**Q** 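Once you've had a glance at the structure underneath, I'll fire off some questions.
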Amino acid sequence: MVSPRILLLTPPLTQLNTPYPATAYIKGFLGGRGYHVTQADMGLQLVLRLFSVEGLKQVFAEIEAGEFALSDNARRMLRLQNRYLSTITPVVRFLQNKDLTLAPRICHGRFLPEASRFDNVADLETAFGTMGLTDQARHLATLYLEDLADLIKETVGPHFGFSRYAEKLALSATSFEPLHEALQSAPNLLDHLLLEELDALIARVQPDVVGFTVPFPGNLYGALRLAQRIKQTSPATPTIMGGGYPNTELRTIQEPRFFDYIDYLTLDDGEGPWLRLLDYLGEKKERHAERSRSISTASLNGPGEAVEMLRQAQHDVLSEVREGSEATDEVHCALRTVVYAPDASSQLQRTFLRNAQGQIEYINHPHPDVSHHEVGTPDYSDLPLTEYLSVLEVLNPMHRLWSDGRWNKLTVAHGCYWKRCSFCDVTLDYISRYETAPSTLLVDRIEQIIKQTGQTGFHFVDEAAPPLALRDLAVELLKRRVAITWWGNIRFEKTFSPDLCRLLAASGCIAISGGLEVASDRLLALMEKGVTIAQVARVTDGFTQAGIMVHAYLMYGFPTQTAQETVDSLEVVRQLFAAGVVQSGYWHRFSMTAHSPVGKNPAKYQVAAIGPEPEGFAWNDLWHDDPLGTDHEAFGPGLAKSLYNYLHGVNLDEPLGFWFDFKTPRPTTPRHLVQHALQTAEKPDLARQNQRLFWLGNAPDLRIEQGKKAPRAVLTCYEQAEDFEVKTTVATGHWLHQLLTQLSHDYDTKVLLKEAAAGFPAGEGSFEAFLQSPAWQLLREKGLLLI
């Protein structure tokens, strides 16, 4: 059987700076099993097509030919269109890091035309310093693109956005009707550009199967527009959809019209469903070919036999055509039904489809899941990695990592090892099924991706990366001397000791994000976060001291949260920023979802679900009434404003009521809660004897020199920034030299502190006393870790 040509598409839009990894994962998995797979980022292609000289010419021409009610800002931009046309190509090349010498001109040369996005530009010298011209120029160039995006949204592309496309049509879309109406309307200019890109891609690849990943609501409309075009031009080509949006929103879909565009909708991890679907489609195609051969053979035996077989095939097709369809749709549906219709013995896995009677079926044969260590290495090989744009939207250090730079995305583990948070979709597979892979395999994948992409930046996209798995990964990276830069999401749990934080930093970690959520111990317990405010303070301090930036996810509006608790949470956040242990953060409004513990049992959390009514399509975001809680919406603007100031180190001493335009209660949080938590003494080394010793330094030199009273040992440690010496007795010096030399060369043998203590020389006093000595304390300070 000939392997089918598979085309995987990421519809517009996700990120401008780096590919979304879903298609790379599926391509790597299927490619490892011999399938021929091509992938494309249609969002990037649309943006590059739109933000070009020819693209902007089409935009300006259509605006001038249309009857748009233009704002003063839009009219001004039209008058400056020649300037936009002359700058768009160099700006895009600059953001692609192809011409960084443009930075001084952008910053100082009045090079860019400026519209409303430039009205409130921050103090750039304060934000970037006098030498940070490239970053400053990147920010200004991003504002320039956002001005153009505003013009497009106001006129020819009302649904456009740099990280979404027609998102409103898919947000909380319990009914398919708005999407159906939009898809039945004539394509707008942006749709036309997108479809032209698709036509060229289809002509080049000539796929037998097309798959779409839809990670977010803002990808759904684009996916369906693209699938609609495929059904118009190649109705027998099966279309498959999966991704984060279906996994959370479409688990109960009963909307037949959706399957006019998508033949198969898969849930959860795609590897297993794709394998079953490809087997199934191959069998159906072979069966169809066999029928054709039989009819051809029958024709040699006389027309009567062939005619009878053709009549039977026609009857099979026509009996499966839905009444009321358009004539062309009947033919298309019939063709697809003949070749791809399911049967009772189907072995599909986690797959929705529309059967011959027009009804929605969900088929989930109990195949075993593809385990995390078997999914293979993401394959980015045919994505145009040099064409992505590094943008700098807001002056937030963590948000910058999301939008600036090329990051290879990888998961350390599948699912969440905690999976208890009451606001999270812990009942779904992507969180509930926790699996790890060996650190050796993870580093194999890292090395393979670096070789493939030429990029050493990694974003670990776990729900919460497990601390012990990160520890083992860091050790393996250091062992193999694989130099990467990485960041990811964690839980602020006590396992992240200061020593572990230093190890992660040594392996390349530059930033972490974690959920503090509501800075209230009562609400943290209700959320089942498994952390306390004091614990968060100490963990964030450990990361900060190791040079790792900390971003805190914050939440307001949790069930029963009072105005007092909201203000007290803000006070804790203020103290964390004032102490310098958190450098970035973002407030999210609590949302009750159908797959979370709160959504499944709202009465337990003293809220009531009040809608929306299911209408056969998306079902996830739930409306709720919180009779015991405060007016959560009123607090949103003040919380956002205060946080923006705090992360810039501004107004940290203002009374909290300053941020709100209504009267708020005074905080009851102790004024020095965070400082007191930070002053809590760490567990002494003597109480950590079952932990592993790890030395970040090199093997030291040892010499013996004559002291005033007796010989002494001097260990010289040569490090990146400075050398230092450790002076001790001769016997202890030999013991330390042997220990540090072993640790610097042998990463496979795990030496526990108690095992090292067993070899401590006799006659040198107690090991407990040595752990308090200046020599030991200096080594601990310089990189001797207990992990």
Side-chain angles (χ1 to χ4, degrees), residues 15-19 41 43-57 59-60 77 80-152 162-163 380 383-408 450 453-459 483-485 487 510-511:
Q15 290 177 259
L16 290 180
N17 64 307
T18 198
D41 186 340
L44 176 67
Q45 292 186 210
L46 174 62
V47 165
L48 294 180
R49 178 78 179 273
L50 183 60
F51 293 97
S52 66
V53 173
E54 290 305 314
L56 289 187
K57 281 182 178 178
V59 169
F60 289 128
M77 293 183 70
L80 291 171
Q81 63 179 277
N82 287 335
R83 191 61 194 155
Y84 281 106
L85 292 174
S86 66
T87 53
I88 188 62
T89 298
V91 166
V92 168
R93 284 179 52 79
F94 170 75
L95 291 174
Q96 290 173 325
N97 297 307
K98 295 179 179 179
D99 186 8
L100 297 181
T101 58
L102 191 65
R105 197 171 177 201
I106 290 175
C107 293
H108 304 311
R110 306 298 296 177
F111 178 72
L112 300 178
E114 298 180 4
S116 60
R117 291 280 183 161
F118 288 77
D119 289 347
N120 297 304
V121 173
D123 181 350
L124 296 180
E125 188 166 314
T126 299
F128 299 105
T130 57
M131 296 298 290
L133 283 183
T134 301
D135 286 348
Q136 183 177 328
R138 198 181 306 283
H139 179 56
L140 293 172
T142 303
L143 296 180
Y144 162 95
L145 285 187
E146 288 179 334
D147 272 333
L148 286 168
D150 290 343
L151 177 66
I152 290 166
F162 279 123
S163 59
Y380 295 92
L383 290 172
L385 300 180
T386 61
E387 302 301 299
Y388 285 86
L389 285 70
S390 288
V391 295
L392 189 50
E393 301 168 75
V394 294
L395 305 184
N396 178 307
M398 179 58 80
H399 289 178
R400 174 186 180 161
L401 291 181
W402 283 99
S403 61
D404 185 12
R406 257 283 297 119
W407 299 99
N408 301 306
I450 292 172
T453 66
Q455 303 288 332
T456 59
F458 283 81
H459 175 199
I484 66 171
T485 302
W487 56 290
I510 59 168

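Nothing here was measured: the structure is a model prediction, and the numbers come from that model.
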**Q** For Ala137 versus Cys107, what's the shortest heavy-atom pair and its separation?
**A**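 It is N-SG, 3.5 Å.
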**Q** Between Thr142 (side chain only) and Leu392 (backbone N and O only), is there a donor and an acceptor less than 3.5 Å apart?
**A**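 Side chain of Thr142 to backbone of Leu392, a donor-acceptor pair under 3.5 Å: yes, one is there.
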**Q** For Thr89, give me all partners under side chain to side chain contact (heavy atoms under 4.5 Å, CB included), at least two apart in sequence or on another chain.
**A**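 With sequence neighbours excluded, Thr89 shows a side chain to side chain contact (heavy atoms under 4.5 Å, CB included) to Val53, Arg93, given in chain and number order.
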**Q** Which heavy-atom pair separates Ala141 from Val91 by the least distance, and what is that distance?
**A**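 Shortest heavy-atom separation between Ala141 and Val91 comes out as CB-CG1, 3.9 Å.
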**Q** Could I get the full list of side chain to side chain contact (heavy atoms under 4.5 Å, CB included) partners for Ala511, not counting sequence neighbours?
**A**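 Per chain and number, Ala511 pairs via side chain to side chain contact (heavy atoms under 4.5 Å, CB included) with Met398, Leu401, Trp487, Met549.
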**Q** Could you work out, with side-chain hydrogen bond (donor to acceptor under 3.5 Å, both in side chains) as the rule, every residue matching Tyr144, not counting sequence neighbours?
**A**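 Tyr144: side-chain hydrogen bond (donor to acceptor under 3.5 Å, both in side chains) contacts with Thr87.
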**Q** Taking all heavy atoms of Met77 and all of Phe60, pick out the closest pair and write down the distance.
**A**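 Met77 and Phe60 have their closest heavy atoms at O-CE2, 4.2 Å.
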**Q** With sequence neighbours left out, write down each residue that passes side-chain hydrogen bond (donor to acceptor under 3.5 Å, both in side chains) with Gln81, or none if nothing qualifies.
**A**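 Gln81: side-chain hydrogen bond (donor to acceptor under 3.5 Å, both in side chains) contacts with Glu64.
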**Q** Examine distances only and state if a side-chain atom of Asn408 and a backbone atom of Phe458 form a donor-acceptor pair shorter than 3.5 Å.
**A**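 Answer holds: no.
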**Q** For Thr18, enumerate each residue passing the side-chain hydrogen bond (donor to acceptor under 3.5 Å, both in side chains) test, keeping only those at least two apart in sequence or located in another chain.
**A**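 side-chain hydrogen bond (donor to acceptor under 3.5 Å, both in side chains) list for Thr18, sorted by chain: Arg406.
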**Q** With sequence neighbours excluded, tell me which residues meet side-chain hydrogen bond (donor to acceptor under 3.5 Å, both in side chains) with Ser390.
**A**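 Ser390: side-chain hydrogen bond (donor to acceptor under 3.5 Å, both in side chains) contacts with Asp404.
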**Q** Give, for atom CG of Leu148 and atom CD1 of Ile88, the distance between the pair rounded to the nearest 0.5 Å.
**A**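 Rounded to the nearest 0.5 Å, the CG-CD1 separation comes out at 5.5 Å.
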**Q** Working to the nearest 0.5 Å, report the span between CG of Leu151 and CG of Leu56.
**A**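 Taking CG in Leu151 and CG in Leu56, the distance rounds to 9.0 Å.
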**Q** So, taking the atom named OH in Tyr388 and the one named CG in Asn17, what distance separates them when rounded to the nearest 0.5 Å?
**A**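 Rounded to the nearest 0.5 Å, the OH-CG separation comes to 9.5 Å.
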**Q** Show your working on side chain to side chain contact (heavy atoms under 4.5 Å, CB included) between His459 and Trp402 and close with a plain yes or no.
**A** CA-CA 9 Å; His459 175 199; Trp402 283 99; 3.5 Å; yes
**Q** Are the side chain of Gln15 and the backbone of Ser403 linked by a donor-acceptor contact shorter than 3.5 Å?
**A**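 The answer is no, because no donor-acceptor pair under 3.5 Å joins these two groups.
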**Q** Going by heavy atoms in the side chains, are Phe162 and Val391 under 4.5 Å from each other?
**A**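 A side-chain contact under 4.5 Å is absent here.
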**Q** Applying side chain to side chain contact (heavy atoms under 4.5 Å, CB included), name anything that partners Ser86, two or more places apart in sequence or on another chain.
**A**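 Side chain to side chain contact (heavy atoms under 4.5 Å, CB included) list for Ser86, sorted by chain: Arg83.
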**Q** For Ser116, which residues count as a side chain to side chain contact (heavy atoms under 4.5 Å, CB included) partner, sequence neighbours excluded?
**A**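 If we apply the side chain to side chain contact (heavy atoms under 4.5 Å, CB included) test to Ser116, skipping adjacent residues, the hits are Asn73, Asp119, Asp147, Asp150.
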**Q** Applying salt bridge (charged side-chain N to carboxylate O under 4.0 Å, His left out), name anything that partners Glu146, two or more places apart in sequence or on another chain.
**A**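 Partners of Glu146 under the salt bridge (charged side-chain N to carboxylate O under 4.0 Å, His left out) test: Arg117.
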**Q** Drop me the distance from Arg138's CZ to Phe94's CZ, to the nearest 0.5 angstrom.
**A**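 Going from the CZ atom of Arg138 to the CZ atom of Phe94 covers 5.0 Å.
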**Q** Rounded at 0.5 Å granularity, tell me how far CG in Leu145 sits from CG in Leu95.
**A**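 Separation between the atoms: 5.5 Å.
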**Q** Calculate, to the nearest 0.5 Å, the distance between atoms OH and OG1 belonging to Tyr380 and Thr453 respectively.
**A**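 Here the interatomic distance stands at 8.0 Å.
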**Q** Is there a side-chain contact between Trp407 and Thr485, using heavy atoms and a 4.5 Å cut-off?
**A**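 In contact.
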**Q** If every non-hydrogen atom of Ala115 is compared with every non-hydrogen atom of Tyr84, which pair is closest and at what distance?
**A**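 Looking at all heavy atoms of both residues, the shortest contact is CB-OH, 3.9 Å.
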**Q** May I have the list of side-chain donor-acceptor pairs in residues 43-52 shorter than 3.5 Å, sequence neighbours left out?
**A**
from: Gln45; atom 1: NE2; to: Glu197; atom 2: OE1; distance (Å): 3.0
from: Arg49; atom 1: NH1; to: Glu196; atom 2: OE1; distance (Å): 3.4
from: Arg49; atom 1: NH1; to: Glu197; atom 2: OE2; distance (Å): 3.0
from: Arg49; atom 1: NH2; to: Glu196; atom 2: OE1; distance (Å): 2.3
from: Ser52; atom 1: OG; to: Arg49; atom 2: O; distance (Å): 2.8
from: Ser52; atom 1: OG; to: Gly55; atom 2: N; distance (Å): 3.1

**Q** Under 3.5 Å, which donor-acceptor pairs do the side chains of residues 98-106 form with other protein atoms, sequence neighbours left out?
**A**
from: Lys98; atom 1: NZ; to: Glu387; atom 2: OE1; distance (Å): 3.3
from: Lys98; atom 1: NZ; to: Glu387; atom 2: OE2; distance (Å): 2.7
from: Asp99; atom 1: OD1; to: Thr101; atom 2: OG1; distance (Å): 2.6

**Q** On a heavy-atom basis, which atom in Pro19 and which in Leu385 lie closest, and how many Å separate them?
**A**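 Minimum heavy-atom contact is CG-CD2, 3.8 Å.
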